[in-house]
Protein chains: 2
Amino acid sequence: MFNFAASTPILMNEKKEHIIDTAMELFAEKGFEGCSIRDLATKAGVNLAMVNYYFGSKDKLFEAIVEHKARFMRGRLDEIAADSKLDSLQKMDAVIESYVNKIISNPSFHKLLYQELLVNERNDMHDAIIKIFVKNTQTVRGIIEQGIRKKQFRKVDPQLTMATLMGTINQVMLSKAMCVMLMDGQENFDPYTDTNFKARLVRHLKQVLHSLLLNK
Amino acid sequence: MFNFAASTPILMNEKKEHIIDTAMELFAEKGFEGCSIRDLATKAGVNLAMVNYYFGSKDKLFEAIVEHKARFMRGRLDEIAADSKLDSLQKMDAVIESYVNKIISNPSFHKLLYQELLVNERNDMHDAIIKIFVKNTQTVRGIIEQGIRKKQFRKVDPQLTMATLMGTINQVMLSKAMCVMLMDGQENFDPYTDTNFKARLVRHLKQVLHSLLLNK
DNA sequence: TTGTTTCAAACAAACGTTTAATTAATTCAA
DNA sequence: TTGAATTAATTAAACGTTTGTTTGAAACAA
């Protein structure tokens, strides 16, 4: 079982990274099984054999994507939880902004993770991804329980509160087409780049969590 | 483009239904592209050629699943919205219970819909599924806006409030393994049948939406 | 030289689908 | 009710593609 949370840095040439980036977007859009190595090679403008030459197999390419991209997404939540200058509510606000930023700036990677969570092939990968989510949930749970102990927060369900936070973001970010239709369906509206949308999402999440958490 | 919301009743023999049921569970677990017709035929105990004999193709089998299962999931939200005996908050509570029941009692079908939402092959199906979600969102949006007009509810973001409702449920229901780990990770805990878990989810959602919606 | 990268070609396996033959079920005049 | 005629259901085998992967030679770099 591999563990990309503790992976060591890997030197990666431009071509390898280009394949990883192209593969991530293609897998996110069409699904892992729905995209062939030939599709990928064509789209990336490299020879078919290069994928196996660099990564060994299609499965290992998937692992390489997650390993490579996950290193940009670590640590932030722990910093927030450990910051003694912030009270519990400020920490939760920071968590909200951190999450929204992370997901909005890496929509493809995020879709990829959720595809893997939804389907249950490749058990190692499935478990590894679950571990990330569980770890983040426990961090946020710690923040919420601290707030409850200090009587700043009401007694809520910490795990389901985290589910509400992540779930709300996912609901609008996992399908761009649905997001556009939900959000008044204006033409050429791109939720991933529209700054108004991002602000709207953060505002809503803060409203939800403030009203849920705060003692009147 | 097909439209299963207005489909006419179709007689279906036992064997056809058995294939549909088996396929739904297999597709939900392994993904549509991740499950071959041979896998399906073996699991369902029928000859390989029967799938194409009954449904024409693998794609049409997928459509048949959605057509067949969607007819059990219609109408309830509209009934709630139109019920003049309920005030806005009571309607929202009814929506919560209806949603939780629906998803908990059809987890495979629900996973299938979200897989299709996440990946973007088979455009007709993608659009058709989005239409279901959009329609439901508009119904709930109507309830929320009615509550706001009657000053029972605060001014909230109706679409994102719906995203919070659906997203929270999805977050715990889309991956059983993650749900188990989030929810204290007790052995042999099955979120789909555990009545305590269902009650816990409904309680949390009511707490979230009451505190968000109600004017102090 | 030596080792690395690139490529067209080929590989076997798996895929969705079709075929053609066989069996089961239904129809219907006698 | 019977029994031939017709339709429906079932099967093993094969079809042509596409799949992930490997090969071996060529091009490039050190």
Side-chain angles (χ1 to χ4, degrees), chain A residues 2 10-68 112 115-116 119-125, chain B residues 2 10-68 112 115-116 119-125:
Chain A
F2 72 98
I10 295 169
L11 291 179
M12 222 176 261
N13 62 40
E14 273 187 35
K15 200 157 192 171
K16 247 181 124 169
E17 266 188 281
H18 175 61
I19 293 176
I20 284 190
D21 289 339
T22 311
M24 185 185 66
E25 301 212 343
L26 232 47
F27 289 166
E29 195 188 6
K30 299 285 181 187
F32 178 75
E33 341 275 346
C35 167
S36 72
I37 298 188
R38 282 167 182 83
D39 291 341
L40 168 58
T42 304
K43 188 99 170 190
V46 302
N47 185 277
L48 165 65
M50 296 311 292
V51 175
N52 282 281
Y53 174 76
Y54 276 126
F55 300 98
S57 72
K58 196 187 177 189
D59 279 308
K60 284 182 187 156
L61 166 61
F62 193 108
E63 296 175 13
I65 295 174
V66 178
E67 274 198 46
H68 186 67
L112 207 61
Q115 275 178 33
E116 204 54 21
V119 307
N120 219 337
E121 299 198 304
R122 297 175 291 283
N123 286 22
D124 284 7
M125 183 56 75
Chain B
F2 72 99
I10 295 168
L11 291 180
M12 221 175 261
N13 62 41
E14 273 186 34
K15 201 158 195 172
K16 250 181 122 170
E17 267 189 280
H18 176 61
I19 293 176
I20 285 191
D21 289 340
T22 311
M24 185 183 68
E25 302 212 340
L26 232 48
F27 291 165
E29 195 188 10
K30 299 286 180 188
F32 179 74
E33 341 276 344
C35 167
S36 71
I37 298 189
R38 283 169 181 82
D39 291 341
L40 168 58
T42 304
K43 188 101 172 189
V46 302
N47 185 277
L48 165 66
M50 294 312 291
V51 176
N52 282 281
Y53 174 75
Y54 276 126
F55 301 97
S57 71
K58 196 186 178 190
D59 278 308
K60 283 181 187 156
L61 167 60
F62 193 109
E63 296 175 13
I65 294 173
V66 178
E67 274 198 45
H68 185 68
L112 206 61
Q115 276 179 30
E116 203 55 20
V119 306
N120 219 337
E121 300 197 303
R122 297 175 292 282
N123 286 22
D124 284 8
M125 184 56 75

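Every heavy atom of this structure was used, including side-chain atoms; hydrogens, water molecules and symmetry mates were not. Each chain gets a letter, A, B and so on, in the order the sequences are listed, and its residues count up from 1.
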*Produce a footprint string for nucleotides 5-14 of chain C: one letter per nucleotide, 5' end first; B if the base is under 4.0 Å from any protein heavy atom, S if only the sugar-phosphate is, - if neither.*
BBBB-B----
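- Side chains of A:Phe55 and A:Glu63 form no contact here, defined as non-hydrogen atoms less than 4.5 Å apart.
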Show me the protein contacts with nucleotides 26-30 of chain D, counting only N or O atoms at under 3.5 Å.
none

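- By the side-chain hydrogen bond (donor to acceptor under 3.5 Å, both in side chains) test, A:Asn47 is found to be paired with no residue, residues two or more places apart in sequence or in another chain being considered.
- The side-chain heavy atoms of A:Ile37 and A:Leu61, taken from C-beta on, include no pair separated by under 4.5 Å.
- As rounded to whole Å, 14 Å separates atom C1' of D:dT18 from atom CD of B:Glu121.
- We find the CD-CD1 distance between A:Glu67 and A:Ile20 to be 9.0 Å, quoted to the nearest 0.5 Å.
- Applying the salt bridge (charged side-chain N to carboxylate O under 4.0 Å, His left out) test to B:Glu33 and every residue at least two apart in sequence or in another chain returns B:Arg122.
- Distance CD1 (B:Ile37) to C1' (D:dA14): 16 Å, rounded to an integer number of Å.
- Scored by the salt bridge (charged side-chain N to carboxylate O under 4.0 Å, His left out) test, A:Asp21 finds A:Lys69 as partners (sequence neighbours excluded).
- In this structure, NZ of B:Lys58 is placed 17 Å from C1' of C:dT18, rounded to the nearest angstrom.
- As a whole-Å value, the separation of A:Leu61 CG from D:dT19 P is 16 Å.
- Applying the side-chain hydrogen bond (donor to acceptor under 3.5 Å, both in side chains) criterion to A:Asn52, with sequence neighbours excluded, gives no partner residue.
- Checked against salt bridge (charged side-chain N to carboxylate O under 4.0 Å, His left out), B:Arg38 has no partners two or more places apart in sequence or in another chain.
- Expressed to the nearest 0.5 Å, how far SG of A:Cys35 lies from CD of A:Glu25 amounts to 11.5 Å.
- Annotated stems with DNA chain D as a participant read C:3-30 with D:1-28, given as range with range, by first number; only runs of 3 or more Watson-Crick or G-U pairs under 3.5 Å qualify.
- Here C:dG16 presents its P atom at 12 Å from CZ of B:Arg122, a figure rounded to the nearest Å.
- Atom CG of A:Asn52 is separated from atom C1' of D:dT22 by 8 Å (rounded to the nearest Å).
- A:Ser57 meets the side-chain hydrogen bond (donor to acceptor under 3.5 Å, both in side chains) test with no other residue; sequence neighbours excluded.
- The minimum heavy-atom distance between B:Ala23 and B:Ile65, with the atom names listed, is CB-CD1, 3.7 Å.
- Shown here are the side-chain hydrogen bond (donor to acceptor under 3.5 Å, both in side chains) partners of B:Asp59, two or more places apart in sequence or in another chain: there are none.
- Going from atom CZ of A:Phe55 over to atom P of D:dT21 covers 13 Å, rounded to whole Å.
- Scanning for ring pair (Phe, Tyr, Trp, His ring centres under 6.0 Å) contacts around A:Phe27 gives A:Phe32, with sequence neighbours left out.
- Taking a 4.0 Å limit (strictly below) on heavy-atom distances, residues 23-35 of chain A reaches DNA chain D at A:Cys35.
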